[in-house]
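Note sheet for the following structure.
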Amino acid sequence: MIDPWSSSIVDYEKLKEQFGIKPFADLIDEIKNPHPLMSRGIIFGHRDYKRIVHAIKEGNSYSVVTGMMPSGKMHIGHKMIVDQLIWYQKNGAEIFIPIADMESYSARGIDFETSRELAIYEYITNYIALGLNFENKDLHIYLQSENKMVVDLAYKLARKVNLSEMKAIYGFLTSTNLAHLYVPLIQVADILHPQLEECGGPKPTVVPVGPDQDPHIRLTRDIAERFKSQFNFITPSSTYHRFITGLIGGKMSSSKPKTAIFLSDTPEVAAKKIKTAKTGGRESLDEQRERGGVPEDCVVYETLLYHLIPSDNKLKELYHECVEGTIMCGECKQKASEMMRDFFQVLSKKREKAKYMAERILSKD
Ligand code: TRP
Ligand code: SF4
């Protein structure tokens with residue numbers, strides 16, 4: 001059972017076997033100019049993504065839905081979703097970004113006003129600073145609690161879901177509060193509402209998420225089937241990306257500051273933090289020269305792979321230097337740290353400006 005509200009490390013292989021998530025690699029050749037997260041295997045799995053490949057190829061309309069739950073500070077792992085949204089924006093998608101304030105309230109006890117503030121000064125600010133264009137008319141962002149279309153749809157869909165099904169998917173205990181029990185239906189409505197007549201009718205939809213969100217995806221797909229005759233829904237597709245490893249190994253988590261590089265860190269702090277990361281280096285320099293490092297077990301390498309080296313050739317070069325033992329971790333960390341500083345210098349400047357735009361996006365009038 002996957003618990004979307006307290007997911008620990010996942011076994012990606014098992015996910016494919018047990019839940020029928022398909023390897024993304026099988027489709028990659030059909031995608032024109034795939035995002036590096038796709039070509040580098042960080043997006044590892046999908047459901048029904050062919051439909052999206054087809055829509056992109058044919059220039060047909062399709063939508064992308066992926067939400068943000070305002071619960072704390074964003075770390076660099078969260079950047080992956082924004083990177084994907086930017087790619088979809090370039091590839092003709094209509095984008096829907098629900099701000100999951102109802103989920104924050106029911107699952108984390110965060111009140112609605114706090115969610116709104118977090119959404120503005122943390123999430124939307126970062127999304128803008130990272131390069132997502134909110135002025136595009138095909139981008140829609142909303143607070144769940146303020147979107148009547150979504151809340152009404154959730155209520156209608158709930159008519160065909162019962163408690164034993166919820167228990168089978170989420171393992172809810174009898175002590176789960178009812179708001180928490182209901183909130184997955186809101187997410188289902190987030191994902192399906194772009195297909196309502198008010199939003200242009202049925203169309204392929206993709207939900208790019210981490211694998212912890214898969215229970216919601218399965219529920220959504222089942223419900224979409226059940227309401228096919230009423231709404232003509234096309235069963236939504238999904239993609240799954242690997243989680244970023246925390247600086248000290250394990251999961252990167254906003255609630256454990258030592259594991260995370262936050263998007264709001266200063267360039268100096270971010271540059272320093274990457275130097276504390278766990279590497280795939282050997283016990284001694286001699287051993288490393290002889291046997292080489294293990295980039296697969298290295299958080300520094302992972303950071304370069306996910307975020308800092310867009311050029312495949314440059315990345316390959318570093319990989320070889322590492323496994324051949326011609327670069328040592330000290331030098332490698334120094335390089336990574338400088339790239340990190342440069343990246344954060346640009347980001348922090350952009351964040352300053354983005355803040356004002358973010359305020360306007362969620363302004364109450
Ligand atoms: N549950 C998601 C999270 O924890 C947020 C979310 C809300 C979402 N609605 C969504 C994600 C729709 C994908 C699609 O981050
Ligand atoms: Fe990681 Fe670089 Fe050390 Fe290789 S040389 S293990 S990539 S820090």
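First listed ligand is number 1; within each ligand, the first listed atom is number 1. Positions are given from 1 along the sequence.
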Looking at Arg47, Lys14, Arg221, which one forms a salt bridge (Lys or Arg N to Asp or Glu O under 4.0 Å) with Asp214?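 Of the listed residues Arg47, Lys14, Arg221, the salt bridge (Lys or Arg N to Asp or Glu O under 4.0 Å) partner of Asp214 is Arg47.
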Between [X] and [Y], is the gap from one ring center to the other below 6.0 Å?
X	Y	value
His216	Tyr170	yes
His78	Tyr127	no
His140	Phe96	yes

Is the charged tip of Lys251 near the ring of Phe243: under 6.0 Å from the six-membered ring centre and within 45° of its axis? yes
Result of checking Val209, Thr239, Thr66 against Gln84 for side-chain contact (heavy atoms from CB on, under 4.5 Å): Thr239
Between Tyr88 and Tyr62, what is the ring plane arrangement, given parallel below 30°, perpendicular above 60°, and tilted in between? perpendicular
Check the angle between the aromatic planes of His193 and Tyr142 and answer parallel, tilted or perpendicular using the 30° and 60° thresholds. perpendicular
Less than 4.5 Å apart, any side-chain heavy atom of Ile99 and any of Leu362?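 Side-chain contact under 4.5 Å: yes.
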Atom 4 (Fe) of ligand 2: protein N, O or S atoms [distance under 2.8 Å]: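 As for protein N, O or S atoms lying under 2.8 Å from atom 4 (Fe) of ligand 2, they are Cys322 SG.
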Please produce the table of protein N or O atoms sitting under 3.5 Å from N or O atoms belonging to ligand 1, one pair a line, distance to 0.1 Å.
unit_1: ligand 1; atom_1: 1 (N); unit_2: Glu103; atom_2: OE1; d: 2.7
unit_1: ligand 1; atom_1: 1 (N); unit_2: Glu103; atom_2: OE2; d: 3.2
unit_1: ligand 1; atom_1: 1 (N); unit_2: Gln187; atom_2: OE1; d: 2.8
unit_1: ligand 1; atom_1: 1 (N); unit_2: Gln213; atom_2: OE1; d: 2.9
unit_1: ligand 1; atom_1: 4 (O); unit_2: Gln213; atom_2: NE2; d: 3.4
unit_1: ligand 1; atom_1: 9 (N); unit_2: Asp190; atom_2: OD2; d: 2.8

